[in-house]
Structure formats: structure tokens, C-alpha cells
Amino acid sequence: MQTAVAQGPETASQKGHPKGLSVLFATEMWERFNFYGMRALLTLFLVNALQFSEAESSYAYGGFLGLCYLTPMLGGYISDRYLGNRNCILLGGFVMGIGQLLMVLSATVYAGSVETARLVMWLALFVIIFGNGFFKPNISSMVGSLYPKNDNRLDAAFTIFYMGINMGAFLGMLICPILGDVKLTDGTRVVSAFKWGFLAAGLAMFIGTILFYFLKNKYVVTPDGKPIGAKPTFNPAANTTGEADKAKFTSGAILGCAALLVALFLTFHFVANDPNPIKSWIYPFIYATGISLAVLILTDKSISTVERQRILVLYFVAFFVIFFWACFEQAGSSLTFIADKQTDRHLFGWDMPPSFIQNANSIFIIIFALPFSALWLKLGKRNLEPISPVKQAIGLALLSLGFLIIAMQVKSLEGGAKLGVSWLIIMYLFHTLGELCLSPIGLSLVAKLAPARFSSLLMGVWFLANAAGYALAGTLGALLPPNPDNYADAAKAGVDLQGVLNGTVSATPEILSKLKELKLSATYPSFAGFTIHNLFEFFMVFVILPGTAAVLLFLISPFLKKWMHGVK
């Protein structure tokens with residue numbers, strides 16, 4: 001087995017954490033440097049070098065992130081059944097590093113041929129997605145494997161691990177934008193600099209993978225020195241946990257879930273009915289695959305009643321987490337465009353790169369991760385610690401509050417006035433506090449509730465909620481209404497964009513042709529039957545979605561508590 005061996009009750013009361021946590025902390029830190037550093041530049045690179053529109057780049061961004069968190073299902077399954085955590089982490093790390101080098105190539109050849117650069121970019125994203133699928137679920141499940149299931153340090157351990165994630169994100173979103181998101185004194189962006197940001201991301205990925213390779217055997221072990229995350233052996237004689245050691249899926253169940261996948265995919269594709277291939281093909285595939293694979297796990301004949309109920313709790317919570325990430329991940333798309341075009345970025349005399357502002361999230365994580373870790377331990381000792389679903393409902397509420405603050409600020413803006421960057425930073429503060437209540441607690445919840453034979457696979461299911469959220473983030477990010485620069489560009493082309501949008505100016509074929517050249521729409525964006533006219537209405541979408549989810553999750557928490565069977 002690749003999960004933690006059963007340990008005595010004394011382990012749950014130990015102070016401090018295993019040394020293996022430091023190795024996993026550092027490995028994840030460098031991987032997140034790679035991922036978030038590249039993410040900070042991606043949409044700006046697509047728009048400025050590869051000639052995507054902002055809406056197209058938002059769809060591509062959402063599809064990329066969604067698939068990055070869909071493939072962990074495959075990586076988790078292969079790990080649990082064949083390769084083990086360790087081998088999958090090494091494989092995934094090196095593959096992602098190669099993907100970043102392909103991004104460097106795309107950012108080098110774009111000047112000679114945009115089409116070639118686009119093809120290389122799509123190949124790079126595919127390679128990164130594949131590598132992330134092997135890396136992501138296995139590094140997270142190994143943290144849980146360092147501790148027995150009843151260890152009260154687990155929430156604190158995942159919060160510390162989460163600080164490593166965000167230290168890497170901070171470094172990545174600091175260094176990669178400094179190298180890759182470069183503007184001249186007159187405001188002109190140096191497009192050729194993007195390759196240096198992608199190169200820094202790739203080097204970080206190789207550093208993290210090599211670090212894990214040399215340190216894993218010494219530190220990522222059980223107290224008696226046995227390797228954690230080795231290839232699974234499925235030896236019944238060595239199984240002391242009382243759980244089944246291998247999943248048992250019938251051929252009928254597999255075929256049934258495959259049929260469900262096809263039916264759901266066609267349904268979602270028909271409902272999407274969008275000319276954009278990412279929105280009409282990739283997003284439906286993400287949604288359909290997530291649901292189908294989650295159903296497949298429940299068909300395992302070896303699952304007991306308690307295990308089934310605990311897995312269903314994970315599914316319920318994961319559904320609500322979709323709305324958190326759909327809104328939170330506007331950081332890399334719509335919020336970056338707002339920071340670029342509609343924000344006064346000067347703070348203490350420094351004109352921040354627009355891709356850097358989202359780094360406020362990482363800075364706040366680093367500041368608050370340890371205090372939150374200590375808070376949960378302190379509340380736990382007093383029997384006041386809320387159960388995981390309640391913590392996550394609080395996280396959703398804090399996210400909603402952050403967007404409400406920014407919505408109130410943009411409502412009062414008039415004409416071409418710009419938003420003060422300090423308000424975006426305050427918004428990210430609330431988003432960070434919400435993230436600390438939701439994301440590391442979710443990872444810990446998977447480690448507590450997942451049967452040992454599904455440790456990595458159910459971590460992959462959890463990341464499916466991220467995948468669905470990121471896909472929805474792409475759809476929501478494309479709702480961004482026109483900005484003042486868009487109106488100015490249209491006016492230079494002789495088009496009254498405001499009049500066209502409001503219906504007071506007829507959208508003639510000539511006008512539509514000019515708007516197409518400018519990559520502008522002739523209609524306001526709309527969502528669920530509501531038209532988005534301005535930034536205030538845009539931000540209110542992100543107030544209502546997570547706010548409603550927070551209330552509903554809080555209300556069903558007593559029901560979920562029963563099915564958790566004593567797990568908090």
C-alpha cells in the first residue's frame with residue numbers, strides 16, 4: 001500500500017510535524033512557482049503576442065486550468081493502481097518542465113509566424129496539462145499519508161503545506177512578471193520579453209523535481225523508515241487497516257459510466273451551443289468526465305456504507321467549491337485585464353505590472369497561513385472548531401464579501417476614472433482569508449474521509465471541482481464589459497460602440513466588420529438571462545454566486561456532519 005501505515009494512538013498527540021512535510025512543502029513550492037508564474041503571463045501573452053481577443057483568452061485560460069485539474073483523475077488512478085505517488089510526481093514534474101520550454105519556444109517564434117506560435121502554444125499547454133495530472137493529486141495525497149487518519153495535526157499540516165504552495169506562487173508571480181511583463185516608459189509592452197518569464201517558470205519546475213528525487217528516500221518515510229508513496233503491492237497480509245486494499249469495478253459499471261459520460265457530454269455540448277470550440281467542446285468534456293468518474297467510484301463493490309456516505313460528503317462539498325474557484329480564478333483573466341486597463345496601479349511610487357497585483361493573494365497567504373493553522377488547533381482543543389463544511393461555507397462568504405467591496409467602489413466611478421489599486425489589494429485580502437478557510441481544509445477533508453485504496457483517486461475527484469470551477473471561470477471571465485480603451489479604439493475606427501451596444505446605432509455590415517477587426521462584440525455580454533452593462537453588474541455576479549453557495553452549504557452542514565461519522 002502507498003498510504004500511511006496504521007500507527008498507535010500516541011501518534012495523534014505528537015507535537016511538531018514529520019520532516020517529510022518539509023520536503024513536500026519545498027517540492028510543491030517550486031512547482032507552484034512554475035504554475036502560477038506561467039499563469040500570471042498566459043492571458044496577456046495570448047492577447048499581446050498571439051492576437052487573441054480578451055474573451056477568447058478567457059476561454060482558453062479557463063479550459064487550460066480546467067483540464068489541469070481534470071487530468072489528476074487519471075494520474076491518481078495510475079498512481080493508486082500501478083506507479084505509486086513517488087514515480088508519478090517525478091514523471092509529472094519533468095513533463096511540466098518540458099511544457100514550459102515549449103512555451104518559451106512559442107514566445108520566441110511568434111514574431112515570425114503567429115500561426116506557428118499558436119500551434120506550439122497549444123502543444124505546450126497540452127504537455128503541461130498532462131504533467132500536472134500526474135503531479136498534483138500525488139503530492140497532496142502524500143501529505144495526508146504522513147499522518148494517521150485520526151491525527152489532529154492534519155488540518156494544520158495542510159495549512160502549512162498550503163503556505164508552501166503560496167510561497168511558490170508569490171515567487172512565481174513576482175519573478176515571472178518582472179522578467180516577462182515588461183513595459184517601456186511610454187507604456188508600450190515589450191512582447192518579446194514573455195519568453196524570459198516562461199523560462200523562469202520552467203527552471204523552477206526542474207529544480208523542484210530534482211529536489212524531490214534526492215530527498216524523498218531519506219525524509220518522505222513512515223516513522224519506521226518505510227517509503228511513503230511507493231508502488232502499490234496489494235498484499236492482503238500486510239493490510240492492518242480493515243479496509244479493502246483494491247477497488248473492484250465490474251465491466252458493467254465501467255461501460256455504464258462510459259455511456260453516462262457520452263450522454264452528459266452531448267447534453268452539455270448542446271446546451272453550450274457556442275462557436276468557441278473551447279466553450280462548446282472542452283468545457284462539456286470537463287463537466288461530463290467529472291460527474292461520470294465520480295459515479296464510477298461509487299460503483300466499487302468493496303465500498304462499505306460508512307465509506308460511501310463519507311465519499312458522498314466529499315461530493316456535496318466539492319459541488320459548492322466549484323463556485324468558489326469559478327469566482328476566485330478571475331484573478332488570472334478578467335481581474336488581470338481590469339488591472340491592466342482600468343486600474344491606477346501606482347502604489348508608493350511604483351507602477352506595478354498588472355500581472356503582479358494578483359500576487360497580493362500569495363503574500364496574504366504567507367502572512368496568515370500559520371495563524372490560521374494555530375487557530376484551528378486552538379479551537380480544536382476547546383472543542384469549538386467548526387466542521388470542515390462550515391469552514392468552507394465561511395470561505396465562500398468571505399470571497400463574496402471581497403467582490404462586494406470592489407463592486408461598491410466601481411459603482412461610484414464616473415467617465416474614464418480608474419480604480420485605485422489599493423481596493424484590488426483589499427479585495428484579495430478577503431479572497432485570501434476565504435481561501436484559507438476552504439482550500440487547505442478541503443485537501444485535509446479528502447485525506448480524512450477517503451478510503452486508503454482511493455487516496456489519490458479521490459484527491460483527483462476533489463480537483464475535479466477545481467476543474468469545473470476553472471471552466472466556469474472562463475465563461476464568467478468572458479462577461480467582462482467593454483473598457484474605455486475599447487470605446488476609444490472603436491471611435492478611431494469611426495464606430496460609435498456605445499450607440500451600437502445600446503441599439504441607438506444600427507450595426508451595419510461595415511460596422512460589424514470593423515468591430516471584428518478590433519476583436520469587439522456588437523452586443524453586451526449576458527449571463528443567465530441578465531445583461532452585463534458595466535463593471536458594477538459584472539462584479540455583482542461574483543457576489544451572488546459564492547454568497548448563495550455559502551448559505552446553502554451552511555444550511556446542509558448538520559446533515560453532512562452525520563455522514564462524516566465522527567470526522568471533523
Side-chain angles (χ1 to χ4, degrees), residues 38-68 102-103 106-107 109-111 113-126 128-129 180-181 189 191 194 198 268-269 272-286 326 329-342 354-355 358 467 469-483 485-487 489-490 493 495 497 500-501 512-527 532 538 541:
M38 175 265 198
R39 189 197 74 161
L41 300 175
L42 180 58
T43 53
L44 293 175
F45 172 66
L46 296 181
V47 169
N48 292 280
L50 303 189
Q51 300 177 12
F52 280 56
S53 69
E54 290 185 0
E56 289 170 341
S57 69
S58 290
Y59 288 136
Y61 173 80
F64 166 66
L65 290 183
L67 289 175
C68 274
L102 289 171
M103 287 297 296
S106 176
V109 304
Y110 80 93
S113 172
V114 171
E115 289 304 316
T116 300
R118 285 191 176 198
L119 288 174
V120 175
M121 181 273 298
W122 289 123
L123 175 61
L125 295 187
F126 173 79
I128 293 170
I129 288 164
D181 186 10
R189 178 170 273 109
V191 181
F194 279 114
F198 295 137
F268 290 138
H269 172 70
N273 189 29
D274 194 278
N276 185 284
I278 294 176
K279 187 176 180 182
S280 61
W281 293 98
I282 300 298
Y283 290 179
F285 178 74
I286 291 172
E329 279 301 331
Q330 295 306 308
S333 57
S334 64
L335 289 174
T336 295
F337 293 134
I338 290 169
D340 190 26
K341 301 292 187 181
Q342 296 173 268
S355 55
Q358 59 187 288
Y470 294 152
L472 182 56
T475 298
L476 297 179
L479 299 177
L480 189 64
N483 61 57
D485 284 0
N486 296 145
Y487 289 113
D489 291 340
V495 176
L497 179 57
V500 172
L501 293 172
L512 291 176
S513 177
K514 289 181 179 179
L515 290 178
K516 185 177 181 180
E517 290 178 6
L518 295 171
K519 299 186 182 299
L520 297 174
S521 174
T523 59
Y524 284 114
S526 62
F527 178 70
I532 311 298
F538 174 76
V541 172

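Model, not experiment: these values are computed from the prediction.
- Here Tyr110 and Phe194 keep their ring centres 6.0 angstrom or further from each other.
- No side-chain heavy atom of Ile282 sits under 4.5 Å from any side-chain heavy atom of Tyr59.
- Defined by atom type and a distance below 3.5 Å, a donor-acceptor pair is missing between the side-chain atoms of Asp489 and Asn486.
- Considering every non-hydrogen atom in both Ala49 and Val191, the closest pair reads CB-CG1, 3.4 Å.
- The distance from the CD atom of Glu54 to the CG atom of Leu44 is 9.0 Å, given to the nearest 0.5 Å.
- For the atom pair CG (Leu123) and CZ (Arg118), the distance works out to 16.0 Å, reported to the nearest 0.5 Å.
- The side-chain heavy atoms of Met38 and Ile128, taken from C-beta on, include a pair separated by under 4.5 Å.
- For Phe538, the ring pair (Phe, Tyr, Trp, His ring centres under 6.0 Å) partners are Phe542, not counting sequence neighbours.
- Heavy atoms only, all atoms of each residue included: Ala478 and Pro525 are closest at O-CB, 4.2 Å.
- The minimum heavy-atom distance linking Ile278 with Ala60 is given by the pair CD1-CA, 3.4 Å.
- By the ring pair (Phe, Tyr, Trp, His ring centres under 6.0 Å) test, Trp122 is found to be paired with no residue, residues two or more places apart in sequence or in another chain being considered.
- What you find for Ser333 and Ser58 is that their closest heavy atoms are CB-OG, 3.9 Å.
- With a 4.5 Å cut-off on side-chain heavy atoms, Ser106 and Phe198 do not count as touching.
- Atom CG of Leu520 is separated from atom OH of Tyr487 by 9.5 Å, given to the nearest 0.5 angstrom.
- Between Leu479 and Ile532 the shortest heavy-atom distance is O-CG2, 3.9 Å.
- Summarising the geometry, atom CZ belonging to Phe337 is positioned 3.0 Å from atom OG belonging to Ser57; distances are rounded to the nearest 0.5 Å.
- Counting only heavy atoms from C-beta outward, the side chains of Pro481 and Leu501 never approach each other to under 4.5 Å.
- Evaluated for a side chain to side chain donor-acceptor pair (under 3.5 Å) with Ser355, the options Asp181, Thr336, Thr43 yield exactly one hit, Asp181.
- By the 4.5 Å heavy-atom criterion applied to side chains, Pro482 and Leu497 are counted as neighbours.
- Sorted by first and then second residue, the side chain to side chain donor-acceptor pair (under 3.5 Å) pairs with a member in residues 516-526 read Gln498-Tyr524, Asn502-Tyr524, Ser521-Thr523; sequence neighbours excluded.
- Under the ring pair (Phe, Tyr, Trp, His ring centres under 6.0 Å) criterion, Phe285 pairs with no residue at all, not counting sequence neighbours.
- Residues Val500 and Ala522 share a closest heavy-atom pair of CG1-O, 3.7 Å.
- For Tyr283, there are no ring pair (Phe, Tyr, Trp, His ring centres under 6.0 Å) partners, not counting sequence neighbours.
- With contacts defined as side-chain heavy-atom distances shorter than 4.5 Å, the pair Glu329/Leu476 does not qualify.
- Under the salt bridge (charged side-chain N to carboxylate O under 4.0 Å, His left out) criterion, Asp340 pairs with Lys183, Arg189, sequence neighbours left out.
- At least one donor-acceptor pair under 3.5 Å links the side chain of Lys514 to the backbone N or O of Ala493.
- Here CD1 of Ile129 is found 6.0 Å from CG of Leu125. Values are rounded to the nearest 0.5 Å.
- With rounding to the nearest 0.5 Å, the separation of CD in Gln330 from CD in Gln358 is 11.5 Å.
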